[in-house]
Number of protein chains: 2
Amino acid sequence: MKKATKTEIPRKTVYRLSVYLRCLHKLKSNRIVTVSSEALARAAGVKPTQLRKDLTYLGQFGVRGLGYDVEQLSQMITVHLGTNRLQPVILVGAGNLGNALLQYHGFEPEGFEIIAAFDQDPQRQRDKILRIPLHPMSKLPHIVQEFRVRMAILAVPAAAAQEVANALIDAGILGILNFAPIVPAVPEHVALNNVNLAIELENLSYFLQE
Amino acid sequence: MKKATKTEIPRKTVYRLSVYLRCLHKLKSNRIVTVSSEALARAAGVKPTQLRKDLTYLGQFGVRGLGYDVEQLSQMITVHLGTNRLQPVILVGAGNLGNALLQYHGFEPEGFEIIAAFDQDPQRQRDKILRIPLHPMSKLPHIVQEFRVRMAILAVPAAAAQEVANALIDAGILGILNFAPIVPAVPEHVALNNVNLAIELENLSYFLQE
DNA sequence: CGGTTTTAGTGGCTTTTTTCACAGTAATAA
DNA sequence: TTATTACTGTGAAAAAAGCCACTAAAACCG
């Protein structure tokens, strides 16, 4: 039984909305003010009908015969995704991948800011003078609380993933972006997204054997 | 109309098989020889019934009342995913993320080896003496051919993504793991997987606003 | 050896997601 | 003003994915 007022947006649609938003940013920076569902769909790598269907969850503001207003649409999506405010994020695990992510500046323009990093050994591998402080794990609860952090990036080895995840959850973290090669168990109320680069490659390789 | 002999494995199942494989590796390194669908499912973050269903695509070799043989199962999956041979992979774009991926040693144990990297400016940011050579883009076709490379990791800025993707495809690359924030258009025969860290974070953030 | 427990395999039901076909509306051209 | 063209919006059908209840087999225990 669905609410008539605001139907839940499907999981997959939410994901694609982010993709659309990214494409819209790109269009905007190219001074393009209007885009058709076909053009935007192609940019996002989906079918036009799917794009339109996805957008209907946000209401209707496309102009028939013309397309969508880039600015308006991207604002609409932004509002719905709740990305209008800058979100503080912490990162745990300053190994290979963790350091890489700290040096990666792709989050800020999208509304996320890594405000602190944590590691078992806070002396670890600081060859670059990073603007992001590296703390010992013990400081985690304090910082999470002080900055009201809700999301964490988990970039620790498999063996430590579950333990660290537990620590994050205890500290009040509500969403975990997991890079560890195992999937930590999390309670119902915690959102978990997994990214495993090896799996992506492997998956790819499956589809290219003809 | 399906072939009776070998039903196509669903996309999602293929993806999860990789996840299972990873969990099995973990179990194997812990000297565990047998695992139940329930235990493996929990490790992989799926439901036991789904795991079993997924495995039926490979045939049946679980032992009722006991579980699956870790070694046998992981070999079975490996064969099906076609990951038994070491796959050479190239990386394009030695910026922030590209360098990070080069320093990331998570691919080798999974059967992938980054054999070469490419960048517009091959002098770029080689603070670490990497064992992986960094070439100018002009050498791409030659190396792809010589090492029979089929997959590439694309880690260039959005503005260059399409152009570089085209170059990869022209050189004979069949699968692209794309980290650029736009989705390049690729012909039918080329497999494309997209990874966008900002999108993952954004997606996560959506699901934690109650 | 028989009963009990554990655990895989499966058919089909349910839900979710995608696709399609076409109705509807605005802009534009003539 | 009318016709034409270029789009979007959407209900319904189709496809895909997920889930559950149940069956069957093997192991284990006494």
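Just so it is clear, the structure is predicted and the values come from calculations on it, not from any experiment. Throughout, protein chains are lettered first and strands after them, A, B, ... in sequence-line order, and every chain is numbered starting at 1. These numbers come from the heavy atoms of this one structure, side chains and all, not from hydrogens, waters or symmetry mates.
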Exercise for review: Give a yes/no answer on whether the side chain of A:R52 brings an N or O atom under 4.0 Å of OP1 or OP2 in D:dT8.
Suggested key: yes

Point to revise | Contact check, side chains of B:P88 and B:E113, non-hydrogen atoms, under 4.5 Å | key: no

Exercise for review: Identify, between A:T13 and A:G65, the residue whose nearest nucleotide on DNA chain C lies closer to the 5' end.
Suggested key: A:T13

Point to revise | Spacing of A:Y15 atom OH relative to C:dT18 atom P, expressed in whole Å | key: 13 Å

Check your understanding: Rounding to a whole Å, what distance do you find between A:D54:CG and C:dT17:P?
Key -> 10 Å

Review point. Mapping A:G67 and A:K12 onto DNA chain D by nearest heavy atom, which one lands closer to the 5' end?
Key: A:G67

Review point. Taking the side chain as C-beta and beyond, is there a heavy-atom pair between A:M151 and A:L177 under 4.5 Å?
Key: no

Practice item. Round to a whole Å and report the spacing from NZ of A:K47 to P of D:dA14. Key: 17 Å

Review point. Is the shortest heavy-atom distance from the side chain of B:E71 to the side chain of B:V33 under 4.5 Å?
Key: no

Review point. Are the side chains of B:V35 and B:Y20 in touch, meaning some heavy atoms are under 4.5 Å apart?
Key: no

**Study point:** Under 4.0 angstrom between B:S37 side-chain N/O and C:dA8 OP1 or OP2
**Key:** yes

**Study point:** Nucleotide of C:dA23, D:dA26, D:dT10 approaching A:Q60 most closely (side-chain heavy atoms)
**Key:** D:dT10

Practice item. For A:F61, answer base if it contacts any base atom (sugar-phosphate contacts may also be present), sugar-phosphate if it contacts only those atoms, and nothing otherwise; contact means non-hydrogen atoms under 4.0 Å. Key: sugar-phosphate

Point to revise | Short side-chain N/O contact from A:S36 to OP1 or OP2 of D:dC7, under 4.0 Å | key: no

Check your understanding: Toward the 5' end of DNA chain D, which comes first, B:Q50 or A:R64, by nearest nucleotide?
Key -> A:R64

Review point. Below 4.0 angstrom from OP1 or OP2 of D:dA17, is there any side-chain N or O of B:Y57?
Key: no

Practice item. For B:Y68 and C:dA8, give me the distance from atom OH to atom P, rounded to whole Å. Key: 5 Å

Exercise for review: Rounded to the nearest angstrom, tell me the gap between atom CG in B:L51 and atom C1' in D:dA17.
Suggested key: 15 Å

Revision key, fill the gap. All heavy atoms of B:I182 vs all of A:K26, minimum pair found to be CG2-CD, 3.6 Å

Check your understanding: Nearest-Å distance, CG (B:D69) to P (D:dA26)?
Key -> 16 Å

Check your understanding: D:dC29 P sits how many Å from B:L66 CG, rounded?
Key -> 12 Å

Review point. Hey, is the side chain of A:R16 poking within less than 4.0 Å of OP1 or OP2 on C:dT18, counting only N and O atoms?
Key: yes

Check your understanding: Looking across every strand, which nucleic acid part, if any, lies under 4.0 Å from B:P10 by heavy atom: base, sugar-phosphate, or nothing?
Key -> sugar-phosphate

Revision key, fill the gap. Separation of D:dG9 atom C1' from A:L58 atom CG, nearest Å, is 13 Å

Check your understanding: Side chain of B:K53: nearest nucleotide among C:dT18, D:dC19, C:dT10?
Key -> D:dC19

